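Reviewing the structure listed below.
So you know, we letter chains A, B, ... as the sequences are listed, proteins then strands, and number each from 1. Everything numeric in this text was worked out from a predicted model, so none of it was measured.
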2 protein chains.
Amino acid sequence: MNDTFSLPVLTTEYVTDGVRVDELDFTNCGLSVAPFKASIISIAPGCSSPVDQHEVRECWVTIGGSGQLQRDDDFGQLQPGSVVYFASQQKHQVHNFGDVPLTIFSTWWKP
Amino acid sequence: MNDTFSLPVLTTEYVTDGVRVDELDFTNCGLSVAPFKASIISIAPGCSSPVDQHEVRECWVTIGGSGQLQRDDDFGQLQPGSVVYFASQQKHQVHNFGDVPLTIFSTWWKP
């Protein structure tokens with residue numbers, strides 16, 4: 001019996017100032033139970049994620065806080081419940097101009 | 001240029017009193033860009049999801065509100081940021097005893 005069932009963290013990476021990425025452990029006996037990888041991205045107030053661009057497809061679900069997102073040449077607002085998809089090679093960067101942490105569930109997979 | 005990049009809703013289903021499931025549209029030209037399906041589950045205060053049990057694997061990410069989760073014989077608390085995995089055939093049901101909606105991002109896929 002657990003207080004919470006939340007998945008354990010596999011690795012923690014501080015990718016730049018104020019940006020922490022906790023990869024979640026979807027493995028069981030070393031095998032992945034999911035066709036994707038996933039992490040929790042935390043961006044401190046006043047901080048921004050690095051510009052990211054990669055072959056894998058990605059999806060962000062905003063859990064808490066808010067952010068200004070740039071995806072290629074488009075700009076938009078992230079708020080709790082926003083679900084955003086990034087196609088392969090789409091550039092993306094988010095800025096947390098708020099006063100609380102911006103928390104994102106990120107999942108990514110090969111095309 | 002969008003106010004938000006949030007994915008559109010494909011279908012909306014009211015599965016029982018106070019429980020709404022909005023399946024998100026991960027298709028492009030009819031083809032899925034993701035190896036999973038996904039929905040936003042909204043559970044009104046005082047309401048519960050039906051007991052669910054199925055072959056597909058599932059993952060819940062809690063976005064807002066809180067809930068009491070039962071997974072087989074275990075009980076736990078959902079809060080924003082909780083990420084929970086359900087193996088094939090694991091029974092799961094959540095009760096929203098709070099006074100705000102419980103909002104969950106759900107994703108599921110074949111084993």
| field | Side chain / backbone / both / neither for A:A38 at chain B, heavy atoms under 4.5 Å | value | neither
| Side chain / backbone / both / neither for A:I40 at chain B, heavy atoms under 4.5 Å | side chain
| note | d(B:S82 OG, A:L7 CG) to nearest 0.5 Å is 10.0 Å
| query | Can you tell me how far CZ of A:F5 sits from NE2 of B:H92, rounded to the nearest 0.5 angstrom? | reply | 11.5 Å
| query | Looking only at heavy atoms, what is the nearest atom pair of B:I63 and A:T62, with distance? | reply | CG2-O, 3.7 Å
| message | For the backbone of A:V83 and the side chain of B:S6, can you confirm whether one donor and one acceptor N or O come within less than 3.5 Å of each other? | response | yes
| request: Enumerate by number any residue of residues 9-27 of chain A whose heavy atoms lie under 4.5 Å from heavy atoms of chain B; in the absence of such residues, state 'none'. | output: A:L24, A:F26
| Within residues 41-57 of chain A, residues adjacent to chain B where the heavy-atom gap is under 4.5 Å | A:R57
| Is B:F86 reachable from B:V94 through a run of hydrophobic residues whose side-chain heavy atoms are each under 4.5 Å from the next? | yes
| field | Proximal component of B:V61, with respect to chain A [non-hydrogen, under 4.5 Å] | value | side chain
| field | For A:Q68, all residues meeting side chain to side chain donor-acceptor pair (under 3.5 Å), sequence neighbours excluded | value | A:Q77
| Can you name the residues of residues 99-111 of chain B that have some heavy atom under 4.5 Å away from a heavy atom in chain A? | B:F105, B:T107, B:W109
